[in-house]
Participant: 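Quick one: structure below, then a few questions.
Keep in mind it's a predicted model, so treat the numbers as computed, not measured.
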Amino acid sequence: MELTGLINSINNAVISIVSGRKGFATRGMEKEGRIFYEDGISEAMTAFADALSTADPLALILAEYTFLSQEFQFCEETDKDTLGSLTQAIQSFDDAFLALQAVEDPGYVIAEKTHPHNSKYRISGFPKDSFHIACISHKTRIQNMLRTPGIDSIEKALLKQRFANLSAAQNGYIEKQKKVLGNA
């Protein structure tokens, strides 16, 4: 999958989802809102499934990062809690991108010496660096959203897809860690 196409699909999906939500809240626009919302969810599901099919940690976190960035752009300025949560998630993925670059460098072996060997600082025996921390934190955020009462079933399906993508991203990242740390 081409990353530019993935980003465009995610951007379009979020625009449709947001437009749909606004339609729900506008008298006389509920039907059109529902159509936009469902089309956006469908497009997002397809894009996230396509990213998952690559098993590429970069594609997987880029999809999530793009989704979060778009949500941030459309978030109301008065919604401080959501803005804070999205800001923190985006910043953690910024760090994850740096870790993804670092794991490609043979110098990454230093991580074995700089990360504690206690199991709470390890994932499958490998250093729990900023990539893992971003995925773990965001999976928790998604799990919390899944517990929200009244959330639409198609949106729950999208959240479950995003959760699965983050797990797959971590698995792909562990493979990169194995390769550079000589445990493949």
Participant: When you measure from the side chain of S19 to the backbone N and O of F36, does any donor-acceptor pair fall under 3.5 Å?
Facilitator: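 No, S19 side chain to F36 backbone: no donor-acceptor pair under 3.5 Å.
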Participant: Quick test of your reading of the model: are R122 and E112 salt-bridged, counting only N-O distances below 4.0 Å?
Facilitator: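 Here R122 pairs with E112 in a salt bridge, since their nearest N and O are under 4.0 Å apart.
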Participant: Check for me, please, whether F163 and L159 land in the same ILVMFWY cluster - side-chain distances under 4.5 Å, paths through other members count.
Facilitator: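 Yes, it is one cluster - the side chains of F163 and L159 are joined through contacts under 4.5 Å.
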Participant: Find the distance between OG (S69) and CG (L86) and round it off to the nearest 0.5 Å.
Facilitator: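 One gets 9.0 Å once the value is rounded to the nearest 0.5 Å.
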Participant: Taking NZ in K139 as the centre, count heavy atoms belonging to other residues, nucleotides or ligands within less than 6.0 Å. Is the count above 12?
Facilitator: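 Above 12, so yes.
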Participant: Rounded to the nearest 0.5 Å, what's the gap from CG on N8 to CG on L3? Could you check?
Facilitator: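 Here the rounded value is 11.0 Å.
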Participant: So does Y121 have more than 12 non-hydrogen atoms from other groups sitting under 6.0 Å from OH?
Facilitator: no
Participant: Which heavy atom of K80 sits nearest to which heavy atom of E77, and what is that distance?
Facilitator: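 It is NZ-O, 3.2 Å.
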Participant: Look at the aromatic rings of F131 and Y173 and report parallel, tilted or perpendicular, splitting at 30° and 60°.
Facilitator: parallel
Participant: Rounded to the nearest 0.5 Å, what separation is found between the CD atom of E155 and the CE atom of M145?
Facilitator: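 Answer rounded to 0.5 Å: 8.0 Å.
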Participant: One pair to check against side chain to side chain contact (heavy atoms under 4.5 Å, CB included): F97 and L58. What are the steps and the verdict?
Facilitator: CA-CA 8 Å; F97 285 118; L58 175 61; 3.8 Å; yes
Participant: Please name the residue in the list I90, L60, I7 that meets the side chain to side chain contact (heavy atoms under 4.5 Å, CB included) test with Y65.
Facilitator: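 When I90, L60, I7 are each tested with Y65, the side chain to side chain contact (heavy atoms under 4.5 Å, CB included) holds only for I90.
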Participant: Rounded to the nearest 0.5 Å, how far does CG of L68 lie from NE2 of H138?
Facilitator: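 Taking NE2 in H138 and CG in L68, the distance rounds to 4.0 Å.
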Participant: If two hydrophobic side chains count as joined below 4.5 Å and joins carry through other members, does L100 share a cluster with I133?
Facilitator: no
Participant: Less than 4.0 Å between a side-chain N and a carboxylate O, is that true for R21 and D152?
Facilitator: no
Participant: Which value, rounded to the nearest 0.5 Å, describes the distance between N165 atom CG and D50 atom CG?
Facilitator: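 One finds 10.0 Å between CG of N165 and CG of D50.
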Participant: Given side chain to side chain contact (heavy atoms under 4.5 Å, CB included), test I136 with K128 step by step and report yes or no.
Facilitator: CA-CA 10 Å; I136 291 166; K128 187 190 293 185; 4.1 Å; yes
Participant: Is a side-chain N or O of E104 found less than 3.5 angstrom from the main chain of A102, in a donor-acceptor match?
Facilitator: no
Participant: Indicate, with yes or no, if I10 and L52 share a hydrophobic cluster defined by side-chain heavy-atom contacts under 4.5 Å among Ile, Leu, Val, Met, Phe, Trp and Tyr.
Facilitator: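 No.
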Participant: Which heavy-atom pair separates L6 from A47 by the least distance, and what is that distance?
Facilitator: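 Scanning both residues completely, I find the closest heavy atoms to be CD1-O, 3.4 Å.
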Participant: Hey, quick one: are I151 and F74 part of the same hydrophobic cluster, counting side-chain heavy atoms closer than 4.5 Å, chains of contacts allowed?
Facilitator: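 I151 clusters together with F74.
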Participant: Find out if a path of hydrophobic residues (ILVMFWY) with successive side-chain heavy-atom gaps under 4.5 Å connects I17 to L146.
Facilitator: yes
Participant: List the atom of G40, the atom of A13, and the distance in Å for their closest heavy-atom pair.
Facilitator: O-CB, 3.3 Å
Participant: Kindly check if the number of other-residue, nucleotide or ligand heavy atoms within 6.0 Å of CD (E32) is above 12?
Facilitator: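 Enclosed.
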Participant: Which heavy-atom pair separates A63 from A51 by the least distance, and what is that distance?
Facilitator: CB-CB, 4.3 Å
Participant: For a quick test of reading the model, state the closest non-hydrogen atom pair linking P127 to H132 and the distance between them.
Facilitator: O-CD2, 3.3 Å
Participant: Assess whether side chain to side chain contact (heavy atoms under 4.5 Å, CB included) is satisfied between F126 and V103, documenting all intermediate values.
Facilitator: CA-CA 12 Å; F126 295 97; V103 79; over 6 Å; no
Participant: Tell me the closest heavy-atom pair linking S92 and A134, and the distance in Å.
Facilitator: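 That closest heavy-atom pairing would be O-CB, 3.4 Å.
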Participant: What distance separates L166 CG from I142 CD1, expressed to the nearest 0.5 Å?
Facilitator: 5.0 Å
Participant: Counting neighbours of OH on Y37 that are heavy atoms of other residues, nucleotides or ligands and sit closer than 6.0 Å, is the number greater than 12?
Facilitator: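 Yes - once you tally the heavy atoms of other residues, nucleotides and ligands closer than 6.0 Å, there are more than 12.
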